[in-house]
Amino acid sequence: MAMILNEFETSSESTAHSEEQQDSASWERYLERRSLVLQFLHSSLSRHHLQHHQNKVEFLKKCHFYLEIEPKHVNVRDQNHVMHRTDILQLIDPCQFQRMKTVGKNQTEIQLSLLTGLLEQLERGQEELSCYVETSDMITFLSRWDLIMQRLSKLSEFMETLVSLQVPGKLYVKHRLVSHADLRGTRLPNIRLSLCTKMPLIFDRKESFADKNWAKLKWFTENQESHLEQCELQVKLLTNGNQTEPGYGRSQVVTSDTYVVQDLQPGRSYEFTIRRSDTRTLVFEKWCDSITLKTKTNAVEDADSSACAAEG
């Protein structure tokens, strides 16, 4: 009997020791896996990192998208078989080119929509993983590990796709863009089409101001472009919904980063809008910057009004 009791005690001690080892191993495994999720949350899915990508996508939505054609120039023989350097746009069939612009516009809209959707998926994933880490006990966390690993893998794929889509891609050309009849036997190099972006023009709020009958406007781009391209400045008189007063608006093509608008009415509010000028290769433009400035009132009239009010 004593022998049986000794064997039972020895077996119980061995079982208890084994359970302790299992508990210790489970705890270490829990800490290791929890640390892996926290590392992912503090790096790729950190609030700062997601906000950085959110800002990039929002800025991308404000950019202008263009077709970029390579090569830009080709050598073509004329009727006398003399070679001339020719702009590729002069050779491309207008209908085919318009079709490619439509493809580029559609691709841009899909790209921006996908970027928005990916950001939403990443934000939801961040919340879901944070919930697992903060609210699950060891047993629950380990039991859900396969699901957590699937989410980690999927969210990593989303992040890679998000980064790749922030760079405009190439366009696949299904149809011939240049007719052989226009080449007169010249061998044409392979034409490559892709999308490129130009940053939006943004008003300098500190340097733009209005006087009594004129306003000085200044604008810039985030990358401080050295080469100034044509842009369109629009001026609109704000009537505050007054139906008896006709609306007023005009536009001016400018090749600079500053402009003084003349012949404005004193004491009135004007809305100024700046955008890049339309070109043959522009395929998508959804946003342009606007600023509202109020011109100063006539100082003499203000002084007379104040004097009359004082006498009254």
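Only heavy atoms go into these numbers, but all of them, side chains included; no hydrogens, no water, no symmetry mates.
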Arg276 vs Glu229, salt bridge (Lys or Arg N to Asp or Glu O under 4.0 Å): CA-CA, chis, key distance, verdict: CA-CA 8 Å; Arg276 293 181 182 274; Glu229 298 183 354; 3.5 Å; yes

Show me the donor-acceptor pairs within less than 3.5 Å that the side chains of residues 153-163 make with the rest of the protein, sequence neighbours left out.
from   : atom 1 : to     : atom 2 : distance (Å)
Ser156 : OG     : Leu152 : O      : 2.9
Thr161 : OG1    : Glu157 : O      : 2.9

[Y] backbone acceptor or donor facing [X] side chain under 3.5 Å:
X      : Y      : answer
Trp287 : His64  : no
Glu285 : Phe65  : no
Asp93  : Gln96  : yes
Ser143 : Thr140 : yes
Thr295 : Gly267 : yes

Point-to-point distance, once rounded to the nearest 0.5 Å, from [atom1] of [X] to [atom2] of [Y]:
X      : Y      : atom1 : atom2 : answer
Asn55  : Leu60  : CG    : CG    : 12.5 Å
Lys286 : Leu112 : NZ    : CG    : 8.0 Å
Trp219 : Thr258 : CH2   : OG1   : 6.5 Å
Ile291 : Asp289 : CD1   : CG    : 7.5 Å
Ile92  : Gln98  : CD1   : CD    : 12.5 Å
Tyr66  : Ser194 : OH    : OG    : 14.5 Å

*asked:* Show, in sequence, the C-alpha distance, side-chain angles and deciding distance for Gln234 and Glu232, and conclude whether the side chain to side chain donor-acceptor pair (under 3.5 Å) test is met.
replied: CA-CA 6 Å; Gln234 296 179 339; Glu232 182 182 351; 3.1 Å; yes

Side chains of [X] and [Y], heavy atoms from C-beta outward: is any pair under 4.5 Å?
X      : Y      : result
Leu67  : Leu195 : yes
Ser26  : Leu142 : yes
Tyr259 : Lys218 : no
Val37  : Trp145 : yes
Cys196 : Pro168 : no
Ile148 : Arg33  : no
Ile69  : Ile191 : yes

Strictly by modelled atom types, are [X] and [Y] linked by a side-chain donor-acceptor pair under 3.5 Å?
X      : Y      : answer
Lys198 : Thr221 : no
Gln150 : Asp146 : no
Thr292 : Ser269 : no

More than 12 heavy atoms of other residues, nucleotides or ligands under 6.0 Å from [atom1] of [X]: is that the case?
X      : atom1 : answer
Lys72  : NZ    : yes
Gln39  : CD    : no
Lys236 : NZ    : no

So Val261 and Arg250, side chain to side chain contact (heavy atoms under 4.5 Å, CB included) or not? Walk me through it. CA-CA 10 Å; Val261 182; Arg250 55 177 160 144; 3.4 Å; yes

*asked:* Under the criterion side chain to side chain donor-acceptor pair (under 3.5 Å), I'd like the reasoning laid out for Lys101 against Thr281: C-alpha separation, chi angles, the key distance, then a yes or no.
replied: CA-CA 7 Å; Lys101 287 182 65 174; Thr281 57; over 6 Å; no

Would Gln166 and Leu115 count as a side chain to side chain contact (heavy atoms under 4.5 Å, CB included) if you check the C-alpha gap in whole Å, the side-chain angles of each, and the deciding distance to 0.1 Å?
CA-CA 8 Å; Gln166 290 175 18; Leu115 286 170; 4.0 Å; yes

Q. So, for His52 and His48, is the gap between ring centers shorter than 6.0 Å?
A.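 No.
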
Inset, instruction - Begin from the C-alpha positions of Leu89 and Arg280 and carry the test side chain to side chain contact (heavy atoms under 4.5 Å, CB included) through to its verdict. - result: CA-CA 9 Å; Leu89 285 175; Arg280 286 187 63 186; 3.7 Å; yes

| task | Please report the shortest heavy-atom distance between Tyr270 and Gln265, naming the atom on each side. | result |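 Closest approach of Tyr270 to Gln265: OH-N, 2.8 Å.
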
Show every donor-acceptor pair shorter than 3.5 Å between a side-chain atom in residues 128-136 and any protein atom, with sequence neighbours excluded, or say none if there are none.
from   : atom 1 : to     : atom 2 : distance (Å)
Glu128 : OE1    : Arg151 : NE     : 3.1
Glu128 : OE1    : Arg151 : NH2    : 3.3
Glu128 : OE2    : Tyr132 : OH     : 3.3
Ser130 : OG     : Gln126 : O      : 2.8
Thr135 : OG1    : Cys131 : O      : 2.5
Ser136 : OG     : Tyr132 : O      : 3.1

Item to check | Salt-bridge present (Asp204, Lys216; N to O < 4.0 Å) | outcome: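 Between Lys216 and Asp204 there is no salt bridge, as every charged N stays at least 4.0 Å from the carboxylate O atoms.
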
Electrostatic pair Lys56-Glu58, nearest N-O below 4.0 angstrom: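 Salt bridge absent between Lys56 and Glu58.
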
Set out, in order, the CA-CA distance, both residues' side-chain angles and the distance that settles side chain to side chain contact (heavy atoms under 4.5 Å, CB included) for Met199 and Ile202, then state yes or no. CA-CA 9 Å; Met199 293 188 174; Ile202 302 173; over 6 Å; no

